[in-house]
Asker: 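Mind having a look at this structure? Questions to follow.
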Amino acid sequence: QVQLVESGGGSVQAGGSLRLSCAFSGLNARTAHMAWFRRAPGKEREGVAGILVLSGLSDVHATLKGRFTISRDSGTSTLYLQMNNLKPEDTATYYCAADPNGSPGLWWRTEKYQYWGQGTQVTVSA
C-alpha cells in the first residue's frame, strides 16, 4: 500500500525559506516518479516540481526555478521541496504525489498521479 505523508509546512515572512518533506512507502524506487503540487485558495492545483526517484532527474515549474528545488533521499524514502525567497503568492496547500511506474513527461498534469498525500499548509506573509 502506497502512503505519502507530508510535513514541514508553516507560516513564514516573505523572503524566508521552508523545506517540505514527504515520507513515502510502498513505492518501487526504481520505477516511481514523484512530484510536488500546490493549490492556492480559489485556484486549481498546479505542478511545482517533479523528479524520477531512481535517477534524480528533475524539473521545476519555469516560474519557480531559482527559488524552489526538488530532491529525494532514496535511502530514507523521503521527497523534499526546498523553497527559498518565499513570496505571499506561494501561500497554498502543498501536496506530494506519486506515479508508481512513471516517466518525467507531462509531470505537471494531476491525472498522471495515482497517489497523493494529505497536504501541508504554507502561509507566507508580506
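Below, each value reflects all heavy atoms present in this structure, side chains not excepted, and no hydrogens, waters or symmetry copies.
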Asker: Measure the CG-CZ distance between D90 and R67 for me, rounded to the nearest 0.5 Å.
Answerer: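 It comes to 4.0 Å.
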Asker: Please identify which of these residues, T93, T91, L20, meets the side chain to side chain contact (heavy atoms under 4.5 Å, CB included) condition with V122.
Answerer: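 So the option named by the test is L20.
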Asker: Are more than 12 heavy atoms, taken from residues, nucleotides or ligands other than Q1, located less than 6.0 Å from that residue's CD atom?
Answerer: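 Atom CD in Q1 is not packed in, count stays at 12 or less.
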Asker: Mark yes or no for whether Q13, through its side chain, and S125, through its backbone, hold a donor-acceptor pair below 3.5 Å.
Answerer: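 No, Q13 side chain to S125 backbone: no donor-acceptor pair under 3.5 Å.
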Asker: With a 3.5 Å distance limit and no angle check, can you tell me whether R109 reaches the backbone of G47 through a side-chain donor-acceptor pair?
Answerer: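 No, the answer is negative, given that no donor and acceptor are paired below the 3.5 Å cut-off.
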Asker: When you look at CD of Q118, are more than 12 heavy atoms from neighbouring residues, nucleotides or ligands closer to it than 6.0 Å?
Answerer: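 It does: Q118 CD has more than 12 such atoms within range.
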Asker: Is V48 reachable from I70 through a run of hydrophobic residues whose side-chain heavy atoms are each under 4.5 Å from the next?
Answerer: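 Yes.
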Asker: Could you tell me whether the side chain of H33 reaches within less than 4.5 Å of the side chain of W107, counting heavy atoms only?
Answerer: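 In short, these two side chains touch, coming nearer than 4.5 Å.
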Asker: Is there a side-chain contact between L81 and R19 (heavy atoms, below 4.5 Å)?
Answerer: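 No, side chains not in contact.
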Asker: Got V124 and L18 here, is their nearest side-chain heavy-atom distance under 4.5 Å?
Answerer: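 The answer is no, as the side chains (C-beta and beyond) never meet within the 4.5 Å cut-off.
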Asker: Go through the steps to decide whether M34 and L4 satisfy the test side chain to side chain contact (heavy atoms under 4.5 Å, CB included), and finish with yes or no.
Answerer: CA-CA 10 Å; M34 299 186 71; L4 308 174; 3.8 Å; yes
Asker: Working to the nearest 0.5 Å, report the span between CG of L106 and NZ of K112.
Answerer: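 With rounding to 0.5 Å, CG (L106) is 7.5 Å from NZ (K112).
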Asker: Does T31 use its side chain to pair, donor to acceptor, with the backbone of P100 at less than 3.5 Å?
Answerer: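 Checked: pair present.
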Asker: Does F37 have any ring pair (Phe, Tyr, Trp, His ring centres under 6.0 Å) partners at least two apart in sequence or in another chain, and if so, which?
Answerer: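 So F37 forms a ring pair (Phe, Tyr, Trp, His ring centres under 6.0 Å) with Y113, W116.
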Asker: Looking at CZ of R38 and CZ of R45, how far apart are the two atoms once the value is rounded to the nearest 0.5 Å?
Answerer: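 If I round to the nearest 0.5 Å, the distance is 13.0 Å.
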Asker: Would you give the length of the straight line joining atom CD of Q3 to atom SG of C22, rounded to the nearest 0.5 angstrom?
Answerer: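 Atom-to-atom, Q3:CD and C22:SG are 11.0 Å apart.
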